[in-house]
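Reading through the C-alpha cells given below for one structure.
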Amino acid sequence: MPRPLAAADLLTLSFVSGVQAAPDGGAAAWVVTDIVPGTEGAPPRYRSRVHLATDLKRRGGRAFTLGDYSDTAPRFSPDGTRLAFLRVSAPKTPPQLHVMPLTGGEPLRLTDHAAGVGTFAWAPSGRELVYATNADYKDEPGEKGLPRRITRRYWRGDGVGVLPTEPAQLHAVGARGGKPRRLTDLPEAPALVAFAPDGRSLWVTVPAGERPEGDHLTALLHVDLESGAFEERLAGLAGISTLAPSPDGRWLAYTANQVPSDLASEAGVWLLPTDGSGAPRLVSGASLTPPSAGGDARYGAYAATPAWSGDGATLLINVNHRGASGLSRLDVASGELTPLQGGRRVVTAFSAPAEDGPLVALFVAERPDAPGEVHALWSDGRETRLSGVNDAWRRRHELVDSEGPFPAGAGGAEYWLLRPARPRPDGAAVLQVHGGPHTNYGYGFSFEFQLLAARGYAVVFGNPRGSSSYGTAFATGFLGAYGTVDADDVMAFAEEGRARLGRPDAPVHLTGGSYGGFMTNWLVGHTDRFRSAVTQRSICNWTSMYGTSDIGPWFVERQLGGVAWGDVATLWRQSPLRLADKVVTPLLIVHSEEDHRCPIEQAEQLFSVLKRLGKAETEFLRVPGEGHDLSRSGRPDRRVARLLAIVDWFERHP
C-alpha cells in the first residue's frame, strides 16, 4: 500500500532533464539525476548520467554514460552517430567536453580548460564543435584569499559568485580530438550559440554588460567563423533564451520578451531576416513561450528552443497558458497557432528531430501528482512514454492531484487546491505564494505541496496579478504598486480557498519564496489572519535590495518604479519592513547565506527588527553554502532540512 510522503523521500526522487532528439528521429537522449546517499564524512550529492533510447515505440532507455558525478547536456552529432556531452569527473572540478559513439565505448575527452566549458554546439559538418570557455582563467585573488579590485558594475551572480574579470570566448575543437583554437575576441561572454546552416557563421548572444541599460538586456551578434569578426545585429533585447536558424538560413527565430526591452512583459517568438533586410517581428502574438511554470522537482536544463519544419513554414513551440503548457504549431506567415497537446500538465522541455518524419518531438512532462518523465509525440497525435525512472517511487507514495482552477477576486486571478487524503482534525491549510513575480503555478509537480498534504494540510496556491501565462497586461498591471492588487488576490485565495474546502474557520498558514517571501512579509504586516508564516529568500527593504542584489538596480527600477537615491518614499512605501511593528504572526525566516538575488541582509534586517520589537515569535533558519535556488537545487540534505523546518513551524502553531 502507498504510504504518506516524508521529507527524506526527496532523497530517492529522480530528476529528468536535458532531452534531445537525434537528427533523424530514431534515437533519444536525456539526463537522469539521482541523489547518491551520504557516507561518513560526506553529505548526499547529485549524480547525473546521460540515458539513451533507440526504440522510441516503447518505454526503456539505458544509462549511456556512467560518470560518478555529472554527465549533462547531450547533443547528437549531425549524422546521429555520436553524442557530445559535458562531464564533471570529480568534486570541485569544471565541466569538460566529451564525445562518445552511440555504439558505446569510452568517451573521448576533447577539452582540458582550467575554467571548464559552458555552452557548445556541433558544426553542421560534424567535424568540429564550438564552445565557450575562459580557458586558463583563474580567480587568483579568491584562491589566495587576497583583496579583489572591483571595477565592473555587475561583478557577481547568484549561483555563480564572483564573475570572471575576463569574458569567456568561443573556441573550436575537432570532434576526433586535437588542439582547440580560439575563434573570437568578444566584449562579453557568449550565452547562446547557434550555427548558421552553411556552417560559416554563428549567431551568438552576449549581455549588455557595462552599457547604461545594464546586463539584463542582451545583444545579438553575427560572428564570421573564418575571421572571428562580429557584427551586432540587435541590441537591447530582454529575456532572450533561444536561437533557431531556419533550415534555409534566411530567418533566425528566437524567444525574447514581447516588449523588447521590458523583462516584465511575457516572452514570445520573434523572426529576424538574416540578410539584414528588415526588423524582427513578433510572430507568436500574446502567447507565452517558452513556459515559466513553477515546480520544485527539476534539476538540470529544460530547453524549449523553437523547432523549424523542413519546409520552413512552421515552428514547433511550447506555449504556457493559465498554468498549463504544451506543444503547438506556429505558422510563421500568418501567426496562426495550432495546439498539438492539452490537458492538466506542464511540458517543461522539448526537442524535435531535424528531419520531418513520424516523430514530432520528445518532451518532458509533469502533473501535480507525477514528477517529470520523457515522452514522444508522433505525427498521428499518439504519445509514448519513454522513461519511467520515478514509477516505483510513485507507487510507494500516496500522492494527490489538484483541484481547480477556481476564479478569485475581481482581477482575473485564479487558484488551485491540493486536498489531503487525511485532513488534519482542524482542517488546516497552507497558502503558497510563488516567486518571480512573473512565473506561474498550475499543473507542475511540487514535492513540497505533496509533503504538506501528506501531513494533513490542504494546500492553496494560485496566480495573483503579476503572474505569467495570463498576458502582459496581467503581468505588469501592478508594477510600482507592490502589495496592492496582488495582495488582494492572494488574500482572496486564502479566504475563498478555505470556504471551498468546507472549513471557513480553519487555520491557514502562509509561506512563499523570493517574491512569495516579499508577499509573506507584506501580509503579516497587514493582517493577523494567518496562524503562522514562513518567509523564504525574501525581500523586506527595497532601498537596500537595490544595491546589494545581483539584479537590484534594473529590477527595482522597473518593478518598484524608483531608485534608491531619489525615490526613497516610493520604495519604502512598498517595503514590508515599514510595517514590522504591526507583525504579530509567528514567523520563521529561511534564507541562504550565499543568496545574491535576494541577499541575506534582507533576512537579517527583518529578524533584527522583529526581535527588537518583540511582538511576534520569530526564528531564523540560516542556511550555509547555498544561493537563491536552495529549494530546487540545493545540497540534498539542506533541502530536506528546509522542508522539515517548514512543516515543524506549522505544526508548532496549530
Side-chain angles (χ1 to χ4, degrees), residues 72-78 82 84-88 94-99 108-139 152 154 157 160 163-211 215 217-235 237 240-245 249 252 254 256 272 274 301 303 305:
T72 60
R75 300 287 186 273
F76 285 95
S77 61
R82 290 164 291 171
F85 62 94
L86 296 178
R87 167 167 286 182
V88 174
Q96 304 293 346
L97 185 58
H98 291 66
V99 170
L108 173 65
R109 177 169 170 165
L110 300 180
T111 64
D112 187 19
H113 296 299
V117 171
T119 184
F120 73 92
W122 282 93
S125 67
R127 292 191 294 269
E128 284 190 323
L129 296 99
V130 167
Y131 60 92
T133 182
N134 275 94
D136 298 322
Y137 174 85
K138 293 183 179 180
D139 178 15
R152 294 173 62 87
Y154 293 99
V160 180
L163 301 174
T165 55
E166 302 169 8
Q169 298 296 332
L170 294 176
H171 292 64
V173 66
R176 307 290 181 183
K179 184 178 180 180
R181 68 184 193 281
R182 177 167 165 169
L183 298 175
T184 61
D185 187 17
L186 301 174
E188 300 289 340
L192 302 173
V193 176
F195 268 93
D198 63 10
R200 293 183 293 185
S201 62
L202 292 166
W203 294 98
V204 178
T205 63
V206 297
E210 297 301 289
R211 302 183 197 189
D215 72 348
L217 298 180
T218 297
L220 175 67
L221 311 180
H222 189 232
V223 179
D224 180 80
L225 275 177
E226 183 175 349
S227 66
F230 62 88
E231 174 190 4
E232 184 176 277
R233 289 292 183 88
L234 296 173
L237 299 176
I240 186 165
S241 59
T242 67
L243 299 175
L252 177 71
Y254 63 91
L272 174 72
T274 59
T305 303

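Since this is a predicted model, take the numbers as computed values, not measurements.
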Of all heavy-atom pairs between P78 and A123, which one has the smallest distance, and what is that distance?
CG-O, 3.3 Å
Which heavy atom of H113 sits nearest to which heavy atom of A135, and what is that distance?
CB-O, 3.5 Å
Are the side chain of T218 and the backbone of P207 linked by a donor-acceptor contact shorter than 3.5 Å?
no
For L192 and T119, what are the C-alpha separation, side-chain angles and deciding distance, and is it a side chain to side chain contact (heavy atoms under 4.5 Å, CB included)?
CA-CA 7 Å; L192 302 173; T119 184; 5.9 Å; no
With ring-ring contact (aromatic ring centres under 6.0 Å, His included) as the rule and sequence neighbours excluded, what pairs involving residues 176-208 come up?
W203-H222
Could you check whether any side-chain heavy atom of T111 comes within less than 4.5 Å of a side-chain heavy atom of Y131, counting everything from C-beta outward?
yes
Side chain R233, main chain T274, donor-acceptor under 3.5 Å:
yes
Are the side chain of R182 and the backbone of T184 linked by a donor-acceptor contact shorter than 3.5 Å?
yes
Indicate yes or no: at least one non-hydrogen side-chain atom of L243 is less than 4.5 angstrom from one of L252.
yes
For R127, does the CZ atom have more than 12 heavy-atom neighbours from other residues, nucleotides or ligands under 6.0 Å away?
no
Run the side chain to side chain contact (heavy atoms under 4.5 Å, CB included) test on R181 and L183 for me, step by step, so that the C-alpha distance in whole Å, both residues' side-chain angles and the decisive distance to 0.1 Å come before the verdict.
CA-CA 6 Å; R181 68 184 193 281; L183 298 175; 4.0 Å; yes
Any side-chain heavy-atom pair of L220 and L272 under 4.5 Å
yes
Do V99 and L129 have side chains that get closer than 4.5 Å, going by heavy atoms?
yes
Output for pair (R87 CZ, H98 NE2), nearest 0.5 Å, gives 5.5 Å
Tell me whether R109 at atom CZ has more than 12 heavy atoms from other residues, nucleotides or ligands lying less than 6.0 Å away.
yes
What residues, two or more places apart in sequence or in another chain, satisfy salt bridge (Lys or Arg N to Asp or Glu O under 4.0 Å) together with R200?
D198
Close side-chain approach of V173 to F120, heavy-atom, < 4.5 Å:
no
Between CG on residue D224 and CG on residue L221, distance to nearest 0.5 Å
13.0 Å
Indicate yes or no: at least one non-hydrogen side-chain atom of Y254 is less than 4.5 angstrom from one of T205.
no
Here the gap from D185 atom CG to Q169 atom CD, rounded to the nearest 0.5 Å, amounts to 5.5 Å
Any idea which heavy atoms bring P167 and E188 closest together, and the distance?
CB-C, 3.6 Å
For a quick test of reading the model, state the closest non-hydrogen atom pair linking L97 to A84 and the distance between them.
CD1-CB, 4.4 Å
Closest contact, heavy atoms only, L110 versus P180:
O-CG, 4.3 Å
Closest approach of P190 to V204 (non-hydrogen atoms, all atoms of both residues)
CB-CG1, 3.5 Å
Could you work out, with side-chain contact (heavy atoms from CB on, under 4.5 Å) as the rule, every residue matching P164, not counting sequence neighbours?
N134, Y137
